[in-house]
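Inspection log for the structure reproduced underneath, given as structure tokens.
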Amino acid sequence: MSAAHTVRLEPVGVEFEVEHGETVLNAAFRQGIALPHGCKEGQCSACKCVLLDGEVDMLKYSTFALNDMEKDSGHILLCRSIAYSDMEVELLNYDEELLAKAIAVKSYRGRIEKIERLTHDIRGIEITLSSPMKFWAGQYVDITVTTEKGETLTRSFSMANTPDETQKLSFIIKKYPQGKFSGELDAGGIRVGADISVTGPYGTCFRREEREGPLILVGAGSGMSPVWSILNDHLASGEQRPVYFFYGARTQDDLFHLDRIAALLERHPEVSFIPVLSHAGEDAGWEGERGFVHERVDARLKELGFDGQGDVYACGPPPMIDALQPVLFMNGYEQEHVFFDRFTTSAGATPGH
């Protein structure tokens with residue numbers, strides 16, 4: 001077996017070892033070095049950087065994440081890069097706070113304790129771990145389970161609970177027509193009592209502490225999971241900031257946790273909850289906002305006149321994130337104040353990150 005190689009990250013001057021056959025990103029995770037990342041499988045471009053020196057080979061990736069022109073000019077994806085020598089890379093976007101708050105990625109044994117039907121296509125699950133896991137509000141893990149038929153599935157899900165609960169994790173999961181994991185939850189292939197393994201934590205869309213200005217949270221579908229964690233962690237911190245919590249859904253039947261949200265609003269008058277329904281249609285009983293959630297975020301930001309103040313955390317499907325990005329830019333929000341968790345679909349047509 002070849003010896004380990006050294007990776008040096010510029011301009012931050014951080015060095016770490018990568019083992020033979022291990023991707024650079026996984027080596028960083030293992031050693032508690034948090035680098036920008038998204039899908040971890042070559043489908044997005046979050047971990048793109050420039051190879052300044054050394055040799056790498058890249059595993060299969062999407063040309064949407066790295067096109068041929070970029071590859072020819074020395075760009076690589078860290079999640080697909082296998083080192084063949086010592087190497088030096090230039091990070092294109094890095095976050096000092098991200099590097100400072102890194103938690104080493106580890107694997108944990110666990111057990112499914114509860115499966116709950118929250119709406120017609122949203123499920124809640126609770127998992128107990130055999131040992132505590134540290135994470136930040138908004139992060140996610142990879143869950144691996146073997147179904148009753150003997151098929152092993154691995155999917156990415158964000159924690160809905162707050163980081164003070166280190167051994168009991170809860171998740172909000174959306175059921176997709178082709179989604180194997182969520183389908184097996186309903187069909188009984190994944191049951192209460194099932195043994196699982198959990199690897200993590202991952203994700204850069206976690207709550208930043210001791211910041212000023214309003215806190216704007218935007219979720220849709222199972223994007224409620226990390227947003228719920230961030231919201232409750234923020235409230236527990238005692239930081240005094242106005243909070244605007246937007247949640248996009250199709251109809252009233254797609255809303256859930258309304259009793260918990262009502263109780264939370266009663267205790268915290270600084271929080272505004274703005275549910276937005278895209279398919280309320282002729283529903284005369286709905287008196288709330290109608291349309292797409294990014295449109296209502298735009299209207300409310302203009303009305304409030306924040307002009308880029310505070311922080312935005314947005315979690316949900318790619319169309320929502322793609323529509324929201326220009327809205328935030330036009331409202332004065334700069335990159336360092338906007339945090340996204342884009343729930344993309346993996347090769348198996350099942351949503352992950």
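Along the sequence shown, residues are numbered consecutively beginning with 1. Here the structure is a predicted model, which is why all the values come from computation and not from measurement.
Other residues, nucleotides and ligands contribute over 12 non-hydrogen atoms within 6.0 Å of the NZ atom of K101. For E303, the CD atom sits in a packed shell: over 12 heavy atoms of surrounding residues, nucleotides or ligands are nearer than 6.0 Å. Open room surrounds CD on Q335; 12 or fewer heavy atoms of other groups in view lie less than 6.0 Å from it. Taking a 6.0 Å sphere around NZ of K48, one finds it holds more than 12 heavy atoms contributed by other residues, nucleotides or ligands. Within 6.0 Å of CZ in R250 there are 12 or fewer heavy atoms belonging to other residues, nucleotides or ligands.
In this structure, V18 is a member of the same hydrophobic cluster as V12, with clusters built from ILVMFWY side-chain heavy atoms closer than 4.5 Å. Note on M224: it clusters hydrophobically with L258, by side-chain heavy-atom contacts below 4.5 Å among ILVMFWY residues. V105 and F16 fall within a single hydrophobic cluster, where Ile, Leu, Val, Met, Phe, Trp and Tyr are joined by side-chain heavy atoms under 4.5 Å apart, directly or via other members. In the hydrophobic clustering of ILVMFWY residues, with side-chain heavy atoms under 4.5 Å counting as a link, V293 and Y244 come out together. Hydrophobic clustering of Ile, Leu, Val, Met, Phe, Trp and Tyr side chains at less than 4.5 Å, counting indirect connections, keeps I33 apart from I103.
Here the closest non-hydrogen pair linking P163 and D233 is CD-OD1, 3.6 Å. For the residue pair H120 and D254, the shortest heavy atom distance occurs at NE2-OD1, 2.7 Å. Across S158 and D341, no two heavy atoms sit closer than the pair OG-OD2, 3.5 Å. For the pair L277 and A280, the tightest heavy-atom approach, listed with the atom from each and the gap, is CB-CB, 4.0 Å. Contact record, S229 with G138: OG-N, 3.7 Å, taken as the closest heavy-atom pair. For the pair L78 and C49, the tightest heavy-atom approach, listed with the atom from each and the gap, is CD2-SG, 3.4 Å.
By the 6.0 Å and 45° rule, R296 does not stack over the aromatic ring of F292.
Ion pairing between K168 and E113 fails under the 4.0 Å rule for side-chain N and carboxylate O.
Under the ring-ring contact (aromatic ring centres under 6.0 Å, His included) criterion, the residue pairs touching residues 34-73 are F29-H37, with sequence neighbours excluded.
Of the possible donor and acceptor atoms, none in the side chain of S130 sits under 3.5 Å from a partner among the backbone N and O of G110. Not one N or O on the side chain of Q325 forms a donor-acceptor pair closer than 3.5 Å with the backbone of D322. A donor-acceptor pair under 3.5 Å is formed between the side chain of Q167 and the backbone N or O of L129. Using a distance-only test at 3.5 Å, with no hydrogens or angles considered, no donor-acceptor pair links the side chain of Q139 to the main chain of F206. Here the side chain of R290 pairs a donor or acceptor atom with the backbone of G281 at under 3.5 angstrom. The backbone N or O of Q43 sits nowhere less than 3.5 Å from a side-chain atom of S62 that would complete a donor-acceptor pair. For the pair T162 (side chain) and N232 (backbone), a donor-acceptor distance under 3.5 Å is absent. Of the possible donor and acceptor atoms, none in the side chain of E15 sits under 3.5 Å from a partner among the backbone N and O of G13.
At a threshold of 4.5 Å between non-hydrogen side-chain atoms, the residues S222 and I173 do not count as touching. The side-chain heavy atoms of K180 and T147, taken from C-beta on, include no pair separated by under 4.5 Å. Taking 4.5 Å as the limit, some side-chain heavy atom of I127 sits within range of a side-chain heavy atom of I143. R109 places none of its side-chain heavy atoms less than 4.5 Å from the side chain of S197. Between L92 and H75 there is a side-chain heavy-atom pair separated by less than 4.5 Å. Side chains of L264 and L231 form a contact here, defined as non-hydrogen atoms less than 4.5 Å apart. Side-chain contact between S182 and K174 is absent, with no heavy-atom pair separated by less than 4.5 Å. Residues K134 and T166 are not in side-chain contact: their nearest non-hydrogen atoms beyond the backbone lie 4.5 Å or more apart.
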Go through the steps for E17 and T6 under the test side chain to side chain donor-acceptor pair (under 3.5 Å), then give the verdict.
-> CA-CA 5 Å; E17 299 281 290; T6 301; 2.7 Å; yes
Candidate pair S156 and K40, rule side chain to side chain contact (heavy atoms under 4.5 Å, CB included), full reasoning | CA-CA 10 Å; S156 304; K40 312 194 305 294; 3.9 Å; yes
Steps toward side chain to side chain contact (heavy atoms under 4.5 Å, CB included) verdict (E289, Y247) | CA-CA 10 Å; E289 300 277 9; Y247 184 72; over 6 Å; no
Is there a side chain to side chain contact (heavy atoms under 4.5 Å, CB included) between K302 and N331 once you walk through the steps?
-> CA-CA 7 Å; K302 284 183 166 62; N331 280 282; 3.6 Å; yes
Taking it one step at a time, do R155 and E184 satisfy salt bridge (charged side-chain N to carboxylate O under 4.0 Å, His left out)?
-> CA-CA 12 Å; R155 297 292 181 263; E184 291 288 356; over 6 Å; no
Should F306 and I216 be marked as a side chain to side chain contact (heavy atoms under 4.5 Å, CB included) after you check the CA-CA gap, both sets of side-chain angles, and the distance that decides it?
-> CA-CA 11 Å; F306 286 151; I216 294 144; 4.2 Å; yes
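When each of R208, R207, R211 is paired with E239, the salt bridge (charged side-chain N to carboxylate O under 4.0 Å, His left out) condition holds for R207 and for no other. Exactly one residue among Y333, F246, W228, F339 makes a ring pair (Phe, Tyr, Trp, His ring centres under 6.0 Å) with Y313. That residue is F339. When each of F157, Y140, W136 is checked for a ring pair (Phe, Tyr, Trp, His ring centres under 6.0 Å) with Y202, only Y140 meets the rule.
In this structure, OG1 in T204 is found 10.5 Å from CG in L35, a value given to the nearest 0.5 Å. Note: I82 CD1 to H5 NE2 = 10.5 Å, rounded to the nearest 0.5 Å. Rounding to the nearest 0.5 Å gives a distance of 14.0 Å between CD of E266 and CD1 of I261. In this structure, L9 CG and M87 CE are separated by 8.5 Å, a value rounded to the nearest 0.5 Å. Note that the CG atom of D57 and the OG1 atom of T23 stand 12.5 Å from one another [nearest 0.5 Å]. Taken from NZ in K71 to CG in L66, the straight-line distance is 7.5 Å, to the nearest 0.5 Å.
Scored by the side-chain contact (heavy atoms from CB on, under 4.5 Å) test, R123 finds R117, K175, L185, D186 as partners (sequence neighbours excluded).
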